[in-house]
Amino acid sequence: MASAPGKAILFGEHAVVYGHPAVALAIGMRTRVTVRPTDEPGVTLDGGRLRRRRHPHVARIVDHLWDRDLDPGIDISIEGDLPSGAGLGSSAALAVAVAGALRAARGRWVTEGGSSLDASTWLEGHASDGREPALFEQASAPAPHAPGPGRTLLRGAASISLDEASLLAHVAEAASQRGRASPIDSATSAFGQTLLISDQREPDAAWMLTRRMPTEDGERAWDLHRLPPPAWEEGLALVIGSTGVHGSTSDLVAGVARRRRSDPSIDQALSAIGALVRRGIAALSAGDAETLGHAMSENHLLLRHIGVSSPELEDLVAAAGPTSLGAKLTGAGGGGCMMALTRDAAATSAAIEAAGGTTWTSPLGVEGLRLE
Ligand code: MEV
């Protein structure tokens, strides 16, 4: 069994699709995926057929990590407390958890003394710098899966690579978002904690890797960094409020792409989001709660301008206003969730609930993919 967390985007959703910076935190709600051996060959989901249309993310990851004809039969089951379709990254968390569970179940062949942390020692796996993930079968090809001198099979947790899981989940996200997906959801779910994603290496953050993806607008590259845990003052909290309305990420991302073509102010707003994310990051590391809150509210206005807010989100953001330092929609929008930075979590939660929302004050910046 592997589990992976959802995410909340503090700044920069939508703009990150076009390379602008964004910051996301892993949240304390997780999706858990269990893989059990079955007597019959093939792959089932909860004992039934794995339907590609209903579970595109699961099917895609299975395509990459399990050979339905050659590998033993398995059943995959999904549970957890991360609500789906709420803008909290449930599809990425599902893909990451499936990738972790399948990799742990099949293990990974490496050269002797190799490790899942060092792709140059893998005899099989998916590397992060390809376009579509390239299956590693190097060094001792043509039979890297067979036991032999100089080869070791890593099993369970030792075989897992967060990079591989986040890459496969990103590819699955891109496929379901018609080619337009940043790695923000998949990377935050796999690596956990607080991540900064940008089109350049940022001086004040710990660079991890570069992720490339071909898109309609040419190849995009995102640099992934870790940020230190936010320097929250005592009593400061982020309250997440759900509208209960489902927003389709792929439709919302496609809507922004369409409006960009006819309205030049959309690109200006996306660049403005990028500029204020940098201000927000400085406030985050300085522990300047007021500036952070302002930047969140400004980010919300720009998201509204690009057309991804909704009446329900506006109600919840307005309700949070009087008791919070700032509030914005989080994730793709069109419904889904908002979040507010507050020194009075109880009052802000009560105000959001009174306006029709459901709230969580989930722990933030938690661990990413793990084997349970
Ligand atoms: C969705 O959680 C975040 C978006 O920016 C889409 C993406 O980055 O792929 C709206």
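When a residue number appears, it is its place in the shown sequence, counting from 1. Ligands are counted one by one from 1 in listed order, and the atoms in each one are counted from 1 as well.
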So that I can tick it off, tell me whether [Y] and [X] are bridged by a salt bridge, with the cut-off set at under 4.0 angstrom between side-chain N and carboxylate O.
| X | Y | answer |
| --- | --- | --- |
| R279 | D288 | no |
| R220 | D199 | no |
| E79 | R30 | no |

Polar pairs, ligand 1 vs protein, N/O only, below 3.5 Å.
{"residue": "ligand 1", "atom": "2 (O)", "partner": "K7", "partner atom": "NZ", "Å": "3.0"}
{"residue": "ligand 1", "atom": "2 (O)", "partner": "D185", "partner atom": "OD1", "Å": "2.9"}
{"residue": "ligand 1", "atom": "2 (O)", "partner": "D185", "partner atom": "OD2", "Å": "2.9"}
{"residue": "ligand 1", "atom": "5 (O)", "partner": "H14", "partner atom": "N", "Å": "2.9"}
{"residue": "ligand 1", "atom": "8 (O)", "partner": "S182", "partner atom": "OG", "Å": "2.6"}
{"residue": "ligand 1", "atom": "9 (O)", "partner": "Q177", "partner atom": "NE2", "Å": "3.2"}
{"residue": "ligand 1", "atom": "9 (O)", "partner": "S182", "partner atom": "N", "Å": "2.9"}

Worksheet item: Any link between M339 and V245 through a network of hydrophobic side chains (Ile, Leu, Val, Met, Phe, Trp, Tyr) touching at under 4.5 Å?
Response: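 Hydrophobic grouping puts M339 apart from V245.
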Worksheet item: Taking the six-membered ring of W109, is NZ or CZ of R151 closer than 6.0 Å to its centre and within 45° of its axis?
Response: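 Ring-cation test returns no.
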Item to complete: Examine W222 together with H170 and report whether their ring centres are nearer than 6.0 Å.
Response: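 Yes, they do, as the ring centres are separated by less than 6.0 Å.
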